Amino acid sequence: MTTTAPNALNVECETGNYHTFCPISCVAWLYQKIEDSFFLVIGTKTCGYFLQNAMGVMIFAEPRYAMAELEEGDISAQLNDYEELKRLCLQIKRDRNPSVIVWIGTCTTEIIKMDLEGLAPKLEAEIGIPIVVARANGLDYAFTQGEDTVLAAMAARCPTPTAVTNTEERNPIQRLLNFGKKKEEVQAEASQYHDHPPLVLFGSLPDPVVTQLTLELKKQGIQVSGWLPSKRYTELPVVDEGYYVAGVNPFLSRTATTLMRRRKCNLINAPFPIGPDGTRAWVEALCTTFGIEPQGLAEREAQTWEKLADYLELVRGKSVFFMGDNLLEISLARFLIRCGMRVHEIGIPYMDKRYQAAELNLLSQTCAAMDHPLPTIVEKPDNYNQLQRIKALQPDLVITGMAHANPLEARGMSTKWSVEFTFAQIHGFGNARDILELVTRPLRRNQALAGLGWQQLV
Ligand code: SF4
């Protein structure tokens, strides 16, 4: 089925027969981000094997996650779900004493219809620890969408202003920025911000990137009231009707919907701060919403591009094919087109045209500016078909999962493993270089090994 979007981008939909990480993988980065959390994945050995392997060395660091492995007795309802979960959660409370336990529902809990949402409030009241339920299963979602389901569930737990006594206390990033300053200095600084309604950003990013983006907005006089998620569950940001919210990642559409519908917030639809072009457009969109004239952004973007000159030399004119598995594809493709690359196809697991509207617009504009034909977006791609297209097109670089990387390399194709983009720091002006570092790595290696004469080894 082919539909033509209003911005004339061609969006196709295939069979959904593609490789990606199961969304339960989000526990790997979320337990690290939310320091006082514990993630309990309620599933089978299949889920356990996946996590154990996907998380690599992290599993030897006593992670704050565990599997509640279902047995035959659970499936046939001979054991009592409530009692089993209570036993495990009490053990977690005793051993780790977390501020929140996140239950991750899996394929099995869906199929046997285990009522996690119904059990959680009862158990929460009994054991005295908040229990957040996220149904991040492979039946419904792909990879990074796991974070989306967790954050959507957490958005419902953000306190209202009336529920907290000291709102400053709830804003750890502001506390960090004010660290070591006298009261008068803090007050003087507060007056440098424009008078605008509270702004909460959502999306889990490493702490250094959170600081960078917060400071980027501070330069424009925009104050960030909080981040969802914060470093600790007990510091979830205050959210109230009329607050403004903006996403930092393209896969957070459910969180955005929850914040809009359930918490009555206003969503700022902006491209995502990936690449200098995206970061500038993101900051500009926030400024425009609050009626602020952006200061020095054009120069800031130009300086960043200048610093990338050596890498741009390497990528210019090269072609790239995104097989699609983590939902960052539109933003990355838009950035790479701006870098002078040619994009054959943008595969993507799920395309929310409303949440990504501004990003899609920027993609079309970038194509027009760079004289690049509008690339085809393939939602729910079919990896088998894609391999036939790759064979025909012979792109200079294929961005793909580990399942196809080595087989493609052996056929003389350069590949970049897509999962690295989700773990590397890629947001903001300062991290644009890191994206190109990743993209150019196979190209640089090819240069270094050129002339050895053994590219095709199948
Ligand atoms: S796809 Fe389903 S069964 Fe497989 S690891 Fe994910 S949740 Fe578990």
Side-chain angles (χ1 to χ4, degrees), residues 14-32 37-59 63-77 79 81 84-85 88-89 92 101-120 131-154 204 251-255 323-328 347-350 379-384 400-404 417-419 422-423:
E14 281 191 305
T15 58
N17 205 344
Y18 63 97
H19 282 268
T20 182
F21 271 18
C22 170
I24 62 171
S25 54
C26 70
V27 308
W29 66 89
L30 287 177
Y31 92 75
Q32 302 215 26
S37 60
F38 192 98
F39 285 78
L40 184 66
V41 182
I42 305 163
T44 56
K45 281 200 168 32
T46 311
C47 316
Y49 289 144
F50 162 67
L51 272 183
Q52 207 169 23
N53 287 295
M55 283 169 65
V57 291
M58 280 155 65
I59 62 138
R64 289 189 316 283
Y65 97 87
M67 292 292 312
E69 256 174 37
L70 300 168
E71 294 168 16
E72 293 291 329
D74 296 302
I75 312 276
S76 55
L79 298 172
D81 296 342
E84 289 295 305
L85 284 167
L88 286 173
C89 287
I92 294 167
I101 299 177
V102 184
W103 285 354
I104 303 286
T106 61
C107 300
T108 315
T109 56
E110 288 296 315
I111 290 164
I112 63 171
K113 305 247 177 295
M114 195 186 270
D115 182 21
L116 298 178
E117 269 106 345
L119 297 175
I131 296 175
V132 171
V133 181
R135 291 153 69 167
N137 60 68
L139 293 173
D140 299 314
Y141 305 110
F143 195 8
T144 48
Q145 287 181 291
E147 172 181 325
D148 193 22
T149 58
V150 174
L151 295 192
M154 289 222 172
S204 163
F251 44 78
L252 298 171
S253 49
R254 280 173 68 91
T255 311
M323 286 185 82
D325 62 4
N326 57 23
L327 283 95
L328 293 171
I348 187 167
Y350 169 71
E379 197 184 3
K380 299 190 176 50
D382 184 306
N383 277 175
Y384 182 81
T400 182
M402 213 31 134
H404 293 117
W417 186 37
S418 52
V419 173
T422 51
F423 291 110

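Every number for a ligand or one of its atoms is a count from 1 in the order of the listing. Quick caveat, the model's predicted, so the values are computed rather than measured.
- Separation of the Phe251 and Tyr350 ring centroids does not fall under the 6.0 Å cut-off.
- Those atoms of ligand 1 with a heavy atom of Gly138 less than 4.0 angstrom away are 1 (S), 2 (Fe), 7 (S).
- Tyr65 and Phe39 have their aromatic ring centers separated by at least 6.0 angstrom.
- Of all protein heavy atoms, the one closest to atom 6 (Fe) of ligand 1 is Cys22 SG, 2.2 Å.
- No more than 12 heavy-atom neighbours from other residues, nucleotides or ligands sit within 6.0 angstrom of CZ on Arg135.
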Could you go step by step and tell me if Leu119 and Trp103 meet the side-chain contact (heavy atoms from CB on, under 4.5 Å) rule?
-> CA-CA 11 Å; Leu119 297 175; Trp103 285 354; 4.1 Å; yes
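- Between Phe143 and Phe21, the ring planes lie tilted relative to each other; the angle falls in the 30° to 60° range.
- Remark: ligand 1 atoms within the under-4.0 Å shell around heavy atoms of Thr106 are 7 (S).
- Atom 4 (Fe) of ligand 1 has its closest protein heavy atom at Thr46 CG2, 4.1 Å.
- For atom 8 (Fe) of ligand 1, the closest non-hydrogen atom of the protein is Cys47 SG, 2.3 Å.
- The single protein non-hydrogen atom nearest to atom 2 (Fe) of ligand 1 is Cys107 SG, 2.2 Å, given as residue, atom name and distance.
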